[in-house]
K.L.:
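Just passing along the structure, written as structure tokens.
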Protein chains: 2
Amino acid sequence: MKRDISIVEVAKKAGVSIATVSRVFNNSGPVKESTRKKIEQIIEDTGYYPNMLARELADKKTSLIGMIVHDMTGEGMPRTINGVNDILESSDYNLLIACTNGNLENEKRQFEIFKSKRVEGVIFATARFTKEHAEVIQKYSIPVVSLLQDTEMFKIPFVAFNNYDLGKEATKKLIEMGHTKIGFIGGPLQSANAEERYKGYADSLQEAGIQLDNDLVINGNFHIEDGYNKMKSLMERSKNITAVITVNDGVGIGAINCILDMGYKVPEEISVLALDETVLAKASRLKLSGIHYSYTELGKAGAQMILRMIENNRLEFEKYVVPYEINMRESTSDRN
Amino acid sequence: MKRDISIVEVAKKAGVSIATVSRVFNNSGPVKESTRKKIEQIIEDTGYYPNMLARELADKKTSLIGMIVHDMTGEGMPRTINGVNDILESSDYNLLIACTNGNLENEKRQFEIFKSKRVEGVIFATARFTKEHAEVIQKYSIPVVSLLQDTEMFKIPFVAFNNYDLGKEATKKLIEMGHTKIGFIGGPLQSANAEERYKGYADSLQEAGIQLDNDLVINGNFHIEDGYNKMKSLMERSKNITAVITVNDGVGIGAINCILDMGYKVPEEISVLALDETVLAKASRLKLSGIHYSYTELGKAGAQMILRMIENNRLEFEKYVVPYEINMRESTSDRN
DNA sequence: GTGAAAGCGCTAACAA
DNA sequence: TTGTTAGCGCTTTCAC
């Protein structure tokens with residue numbers, strides 16, 4: 001095992017003091033050209049590189065950003081991380097990642113570990129953000145940005161999508177296309193984001209003067225099979241449904257599969273519009289219409305925000321809402 | 001901004017030396033019950049937690065594993081990382097991740113940054129693994145595990161799938177089902193893994209006494225559209241094709257879409273078998289038959305290997321091949 | 001049981 | 001230009 005060489009040994013070999021070596025390495029302060037050359041040569045020969053721990057300890061600066069993620073499966077998170085990385089790459093910060101599987105205790109523990117590792121900021125990308133999260137965070141003063149959750153009530157800066165608008169716009173769009181019997185396959189009831197999407201749906205109907213029909217609303221989970229099963233129930237309950245909005249694209253695909261299996265046509269008889277569509281939307285044979293969010297943008301914005309907070313040493317609340325995009329493809333039809 | 005409190009201040013408040021505080025915190029060495037109680041109380045009150053940088057500097061141990069990833073989009077990598085995390089979670093190592101977008105310079109730089117951050121091991125999950133990678137790695141003596149690439153020739157330990165077997169088994173399976181005109185839509189020519197899959201295909205045909213027909217082989221990329229376009233060319237070139245193997249599931253889905261669009265039936269007229277299928281396989285309406293690898297297992301095995309290397313302080317070459325699983329679903333039919 | 005003190009490897013203020 | 005030295009916050013001998 002080749003031993004790591006320290007600044008002392010470099011200095012010794014060069015016959016100078018460690019201060020001079022440090023100056024050469026960091027270009028901090030004047031050094032005579034000849035000694036600089038000599039030291040550079042020795043650094044080259046020995047393969048010396050500084051021990052960051054020592055440097056960071058002396059500097060009180062780690063250039064480390066911690067990121068707490070609840071789960072990596074699914075389309076969104078990897079892209080988010082990619083976005084974060086894109087930004088960090090051109091800074092010289094490094095990303096420390098912890099995956100917590102949505103366990104609150106885990107999340108608290110990781111945050112404290114990060115804190116003791118002297119990370120300079122933490123990005124939270126958790127499935128839920130509770131008062132307990134806020135309490136732990138506020139115990140330490142360190143820049144924190146939450147992703148995907150509206151944490152305004154805790155005064156924690158965040159970057160997120162506007163789930164309410166998402167539900168509202170999608171519904172409005174279908175209404176404009178002449179639909180009135182619009183089903184809604186929502187997400188799990190505990191999900192704040194899924195709830196917002198539902199609210200948008202309900203409000204949009206109301207604004208258009210359409211009576212909200214509980215038979216047209218059903219809640220499930222986020223997977224393809226959920227979409228299939230829930231669509232089946234929906235169709236059994238209301239025969240005259242002409243469109244359905246699904247909480248995400250997996251559910252949308254499940255719904256399409258179900259409709260086709262039951263012998264109806266998409267989009268001629270029933271339109272399917274997915275919220276929060278990702279690459280899955282293009283994998284299905286019938287290209288799904290959907291509202292699209294860029295998770296990459298989410299990650300980028302989050303990284304930029306935390307970097308800004310670190311640089312300016314500010315902990316004030318701020319927020320950024322990532323815009324969306326409506327992509328009408330093959331699973332929706334205009335009835336007008 | 002609440003200031004971090006150090007061990008000195010705790011010691012001062014408790015009227016003891018820092019050594020004693022250290023003993024209490026780490027349970028290293030005897031402390032009188034009463035002083036222990038007092039110190040614990042003060043730790044509690046002040047919210048003291050140790051500065052890991054200082055501890056690590058003194059210990060020469062960071063409990064950090066670096067991971068260099070070329071790209072997070074795509075199904076595999078996130079799952080791999082999840083697997084790594086699963087294992088690290090129950091150790092007390094933390095994961096430092098860098099995303100390099102497949103840029104070699106970037107990868108080298110990151111490795112050196114990791115090294116100077118004193119990570120205890122590095123997991124490489126790059127698209128390609130070149131001699132240059134090996135050289136940089138060998139310059140430093142630190143445990144390294146490569147993922148997805150057979151790095152035996154460089155004596156770098158690795159965990160990977162057996163791409164050759166993959167191609168071979170898939171082909172064999174189709175031959176057993178009575179197919180002889182079997183197409184192959186391969187991956188990019190520069191990809192060593194894609195090449196291995198092709199070799200398996202070719203060898204399998206040969207073993208069955210079937211003449212390799214170059215008209216049945218075509219190379220493309222890994223995406224859905226590639227599958228669509230290449231399948232089209234393939235069908236134009238050979239009218240009597242009855243089955244096709246695709247380098248991955250995205251390409252498989254593209255191929256199915258193309259076949260259906262051209263008015264043929266899947267699997268009655270043409271079977272599609274995907275190598276390296278992931279969740280996409282279930283998203284398509286016609287469930288794709290495929291050979292499946294667990295990326296989670298890949299990540300787990302990689303993490304276990306690096307942990308083992310670190311604990312035992314060994315750098316010897318070793319390898320692990322993750323087993324696969326054949327899932328015959330709806331896109332293949334038996335002609336016998 | 002407890003404390004003093006010597007590192008760990010580096011930066012930066014101060015002297016020379 | 002260069003060297004000396006005092007930290008940074010912690011662990012760990014070695015005495016007492």
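In what follows, every chain begins at residue 1, and chains take the letters A, B, ... in the order their sequences are listed. For the numbers below, each heavy atom of this structure counts, side chains included, while hydrogens, waters and symmetry mates do not.
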K.L.:
So which atom in B:Glu120 and which in B:Lys61 form the shortest heavy-atom distance, rounded to 0.1 Å?
P.N.:
OE2-CG, 3.2 Å
K.L.:
Let me know which of A:Ile97, A:Val145, A:Leu88, A:Val119 forms a side-chain contact (heavy atoms from CB on, under 4.5 Å) with A:Ile65.
P.N.:
A:Leu88
K.L.:
Is A:Lys155 paired with A:Glu316 through a side-chain N to carboxylate O contact shorter than 4.0 Å?
P.N.:
no
K.L.:
Can you name the salt bridge (charged side-chain N to carboxylate O under 4.0 Å, His left out) partners of B:Arg118, sequence neighbours left out?
P.N.:
A:Asp4
K.L.:
If the threshold is 4.0 Å, N to carboxylate O, is there a salt bridge linking A:Lys108 and A:Glu105?
P.N.:
yes
K.L.:
Rounded to the nearest angstrom, tell me the gap between atom CD1 in B:Ile43 and atom C1' in D:dC10.
P.N.:
13 Å
K.L.:
Please report how far the helix from C:dG1-D:dC16 to C:dA16-D:dT1 bends, comparing the axis fitted to its first five pairs with the axis fitted to its last five, to the nearest 10 degrees.
P.N.:
40°
K.L.:
In whole angstrom, what separates B:Lys12's NZ from C:dT2's P?
P.N.:
20 Å
K.L.:
Let me know the distance between NZ of B:Lys61 and P of D:dG9, rounded to the nearest Å.
P.N.:
23 Å
K.L.:
Salt bridge between B:Glu112 and B:Lys115, side-chain N to carboxylate O under 4.0 Å?
P.N.:
no
K.L.:
Can you spot which of B:Thr151, B:Ile142, B:Ile156 makes a side-chain contact (heavy atoms from CB on, under 4.5 Å) with B:Ile137?
P.N.:
B:Ile156
K.L.:
Looking only at side-chain N and O atoms, does B:Ser17 come under 4.0 Å of OP1 or OP2 in C:dA4?
P.N.:
no
K.L.:
Between B:Phe111 and B:Val144, is there a side-chain heavy-atom distance shorter than 4.5 Å?
P.N.:
yes
K.L.:
To the nearest angstrom, how far is B:Glu9 atom CD from D:dC8 atom C1'?
P.N.:
13 Å
K.L.:
Using a 4.0 Å heavy-atom cut-off to protein, can you give one letter per nucleotide of nucleotides 6-16 of chain C, 5' to 3': B if the base is in contact, S if only the sugar-phosphate is, - if neither?
P.N.:
-BBBBBBB---
